[in-house]
Amino acid sequence: MNRTRRIKDQHAESRVFARRTVIAGVVVAVCFAVLIGRLTYLQVMRYDYFADLSQGNRIRIEPIPPNRGLILDRNGVALATNQPTYQLELIREQVPDVDRTLQGLVDIGLLQPDDIARLHRVIRARRSFEAIPVRLQLTEEELARFAVRRQDFPGVEIQPRLTRFYPAGGSAVHALGYVAAISEEDKTRIEEADYAGTTLIGKLGIEGTYEAELHGKSGFQQILVNAQGRRVDRLGLTVPELARKEPTAGNDLLLTLDTKLQKVAEAALGTHRGAVVALDPSNGDVLALASTPAFDPNVFTRGLAVGEYNALVTDVDRPLLNRALRGTYPPGSTVKPLFALAALEYGVVTPQHTEFCPGRWSSPGYGRVRRDWKPEGHGTVDMRKAIATSCDVYFFDIARLMGIDRMATFVSRFGLGSPTGIDIDGERSGIVPSTEWKKRAYRQKEQQIWFPGDTISVGIGQGQMLTTPLQLAHAISTIASRGQRFQPRLVKGIRDSLTGQVRELPPTSLPPAQIADPAGWDVAIGGMIDVANAPYGTARGAAARAPYLIAGKSGTAQVFSVASNERIRKAGELAERLRDHALFVAFAPADVPMPKIVVAVIVENAPGGGSAFAAPIARKLLDAYLLTPEELAAQEAKRQPAPVATTRGD
Amino acid sequence: MSANFDSSTQRTFTLTARLLSALHLDGPLFAGLLAICATGLGIIYSAAGEDLGMFLRQGGRVALAITALIVFAQVPPRFLRMIAPWLYGTGLVLLLIVMGVGDIGKGAQRWLDLGFVRFQPAEIMKIAMPLFCAWYLHERPLPPSFLSLVVLGVAIIVPTIIIMEQPDLGTAMLVAVSGALVILLAGLQFRYIFGIGALVLGSVPVLWNFFMHDYQRQRVLTFLNPQSDPLGSGYHIIQSQIAIGSGGVFGKGYMNGSQAQLEFLPERSTDFIFAVIGEEWGLIGLTTLLLLYLFVIARGLYMAATAQDTFARLVAGSLSATFFVYVFVNTGMVTGLLPVVGVPLPLVSYGGTSMVTLMAGFGILMAVHTRRSLRSREL
């Protein structure tokens, strides 16, 4: 101890303690006085108010669901709106017998017998005073049917509510997604208090991914109900003050989609299974995203019967599948421009290098003899002509020279093999095969070995290579913009529901795909221009009489396995489903530094090859986007008599 | 020995007094506590919807708690002072064990299972904390030096944070308060009191802006205005105010509270039991109960003031004042004066652990007080 030690003074301490105890006693007394004052306020001064509330007349707190944000296309056309409908709601504490009531609703045809078990579960899980929707979107006729028997159903009321409505039905449904009843799984993701009074939640697409923006915040109001649970306006003579908080509507979303273009894409695909993706290469805007067949999202908002849902899920054509994001297809010859760029990058050939194509190719150690898609061959081709004619032999050879791993590394820079990062969920990665990939993909040693022959198949976009239509569009967009890459996006702005101000979202740029000699772009793009314009181009008909310069590339993807789907038994249909997929990628105008639009088209089991069947679809989109209505009409008039020049090729 | 004392009432009185004295019990305090417990049992029967099982279980807990009181009253204060640091250390170790082991049984992180008995180490801390702080200050000159404040500050904060993480905000707060009260009663200078107060106030905006998540801010805002979240935590408050307010001066009568009996009032036999009393017994019932509490607290403080050494004074004062905090936090919450914190109404709410701890604390209070009289007689 280096300090003088203070001495304990018992008497002084005792005095201090006594003073402190007195202070404590005073604090205690004051607090009790405050408490009793509070009790007097509650039990004497406001007695009448609270007594009324508790005696038969009760305040019920009713949530007010917010209006869901609208979804608009890039020109302000509404794609998803809210529509007033009527629904049946049940309040448990006012229903004398829940079983009898539900059965009664089945008897008058307002519920299906299948619904009862599910409704019982929902009713049990909610508070007894909460209004639980038991039937959404009543028709006029059902409304009338209930109204005449209303007295048989105490505690069940008709409520007007706003429900989601998609004016264009199934158009763009795979981009928009849909809304449906909140599932148990959804409840783990949301704050349930925010969804009091809300019955529908976004699933998939924009509706699902942007749920937080679209939903808004619930409001509430206190309402007075009498002993029978019916709403009343006053308590005896007094009109009590009732709290009310307005809901905050969800924010509106402005999409990059162009409804006009979207409809052209859907009409062009028609009844075929397939997908179309159109991008703006200067910012990644998704101008159109179509997947056929589609489905009508409006059926989900009114609640789907079990049978209806099963029909959708088990449909052979899989309408629920978003082919644009989740369909993976061999890209076929559409990747040839990428491999051409890769060959230049790694210096295995020069643009001037020529090769003689005899229509067949083989090399020691690379397995069987390969045939070109054109049995008589293309003669002597340089790189640009090899792209234009889609000469397989040329690409077999540069694949051999590069080797699979260099090819894989190069195309990965263009976004193949990984999700593009589009702003809706569910995108697939596709496959860019490599020696490394094969080791990861297969369990058994002998399957992990990479054969030289595998490389040759990948060289023309076959083998195990798989891409989604979106990835393909993104990769071609990267060529069109000479290396610039943007994350594809569907939402370009968010309009705040309170201020009405639009917050523009900036495009998200990705690391550019750079090549050592930028002259390479001219070769690849030149080849693609020749595809559509040169006399030897595989899709020369596709650009016929176009007032702008088109660059494109056709492709055909072999279908190697359909056996997995047992439902396809009929011989005729089997033959149809064994047909190749037709692909076409294009961009225009091709003679400016930044083209305006990139399109990728895939038609499953098409009756013709890529240039014959997919290219005209791409052309329709380019016309619709680049031409004025007058130009378009003039074009249509000219085209009427003459059939599109027949083109052959892959 | 004299003829004056031979009326039978007088004899019973003397007998009771001797029994109490032999058991080291304080008559008035004991009577007050029994009255509160009895009230609680009566209310539980009504609040639990005339569930005899719950009533009997709670009765068993009351018996256990009274036993704990009597047992602790037999412990000599000097022994208590001797074991105070060890008790604190044991409590801290058990808290750490629970923190480590608790991960196995998720949600049951507060409980330690010894096979034959399960208990919450946090409850030990409720007793050990004031004992430890009083032990530490007993030998040292008062008011406490800065060094003592630092040591005690750490000794209070560490277990508090562990209990907060369990998470049990209510208990953590009571443990911290029981320690802090010892220091306050020991004569902490007012400059420290105001300094710490200013520090806490000053840190609020910093916490609000930099350390709190949006949802935590929302919770604070809900307390300030329960009407903003009537379906969430505001629901409790709105319903309990309706229950209390509709009870009026005389109440709706025993087992006649429509809010409580119709299940509008949540947690009506535990944290919100005060509202049931208010609805069924009215202002008169609540005031009576509050006066009982006030009597117990006042008697406790009086016993503290008349204690003869520092340790006894500080322990007695802290235990009494903590009991008050307990009462005030619960009743303040139920009447809407304070935010919703999960603290039961002491000795009345359904549930056993905290009741046993509280009564054990009162046992210590009595041990400290009655031994004083013994010693002064010996002197």
Side-chain angles (χ1 to χ4, degrees), chain A residues 3 5-10 12-25 27-29 31-32 34-36 38-56 58-59 61-63 93 127-130 191-194 196-197 218 220-222 243 245, chain B residues 139-143 145 181 184-188 215 227-232 235 238 241-249 252 257-259 262-264 278-279 282-283 286-287 290-291 293-294 297-298 301-302 304-305 307-310 313-314 317 320-321 324 327-328 331-332 335-337:
Chain A
R3 264 168 285 177
R5 200 184 151 84
R6 285 190 294 158
I7 296 162
K8 240 179 130 52
D9 179 347
Q10 291 291 354
E13 284 181 18
S14 175
R15 274 200 309 278
V16 169
F17 184 82
R19 271 206 303 277
R20 289 294 163 103
T21 314
V22 170
I23 295 175
V27 170
V28 169
C31 287
F32 271 86
V34 169
L35 265 179
I36 289 175
R38 174 74 177 171
L39 293 176
T40 311
Y41 170 73
L42 291 176
Q43 300 191 296
V44 179
M45 292 164 67
R46 302 206 66 196
Y47 169 74
D48 290 337
Y49 171 71
F50 285 120
D52 280 344
L53 287 188
S54 75
Q55 280 170 11
R58 288 180 211 127
I59 278 192
I61 296 155
E62 210 179 55
E93 66 176 16
R127 283 184 177 148
S128 61
F129 57 84
E130 274 185 272
E191 190 72 43
E192 275 196 65
D194 290 346
S218 280
F220 68 87
Q221 58 182 343
Q222 292 182 327
K245 189 176 136 196
Chain B
E139 295 289 339
R140 290 175 170 72
L142 296 178
S145 66
L181 281 168
L184 280 174
L185 291 170
L188 178 67
Y215 74 91
Q227 300 289 349
S228 71
D229 185 19
L231 295 168
Y235 179 79
I238 292 168
Q241 287 186 18
I242 293 176
I244 294 175
S246 66
V249 177
K252 296 176 187 169
S258 57
Q259 286 291 113
L262 295 177
E263 306 187 16
F264 274 91
E279 184 176 24
L283 183 60
L286 289 183
T287 310
L290 286 178
L291 288 177
Y293 278 122
L294 190 60
I297 294 161
L301 288 176
Y302 166 77
Q308 281 180 341
D309 66 24
T310 309
R313 274 200 292 264
L314 292 179
S320 309
F324 158 71
V327 173
F328 189 68
T331 52
T335 52
L337 290 174

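In what follows, chains carry the letters A, B, and so on, assigned in the order in which the sequence lines appear, proteins first and then strands, with residues in each chain numbered from 1.
- For the options B:G248, B:G247, B:A305, heavy-atom pairs under 4.5 Å to chain A are most numerous at B:G248.
- Proximity of a side-chain donor or acceptor of A:Q43 to a complementary backbone N or O of B:G278 within less than 3.5 Å is detected.
- B:L291 does not touch chain A: none of its heavy atoms, backbone or side chain, sits under 4.5 Å away.
- The contact between B:A304 and chain A is made by backbone and side chain atoms together, counting heavy-atom distances below 4.5 Å.
- The part of A:F32 that comes within reach of chain B is its side chain, from C-beta onward, which places non-hydrogen atoms under 4.5 angstrom from that chain.
- Contact of B:I297 with chain A is made through the side chain alone, with heavy-atom distances under 4.5 Å.
- Judged by distance alone, the side chain of A:R38 and the main-chain N or O of B:T335 form a donor-acceptor pair under 3.5 Å.
- Among A:L35, A:V34, A:V28, A:V27, the one residue that satisfies the side chain to side chain contact (heavy atoms under 4.5 Å, CB included) test with A:C31 is A:V27.
- Using a 4.5 Å cut-off on side-chain heavy atoms (C-beta onward), A:F17 and B:L314 make contact.
- The greatest number of non-hydrogen atom pairs below 4.5 Å with chain A, out of B:S320, B:G282, B:A186, is found for B:G282.
- A 4.5 Å side-chain heavy-atom check between B:L188 and A:R20 finds at least one atom pair inside the cut-off.
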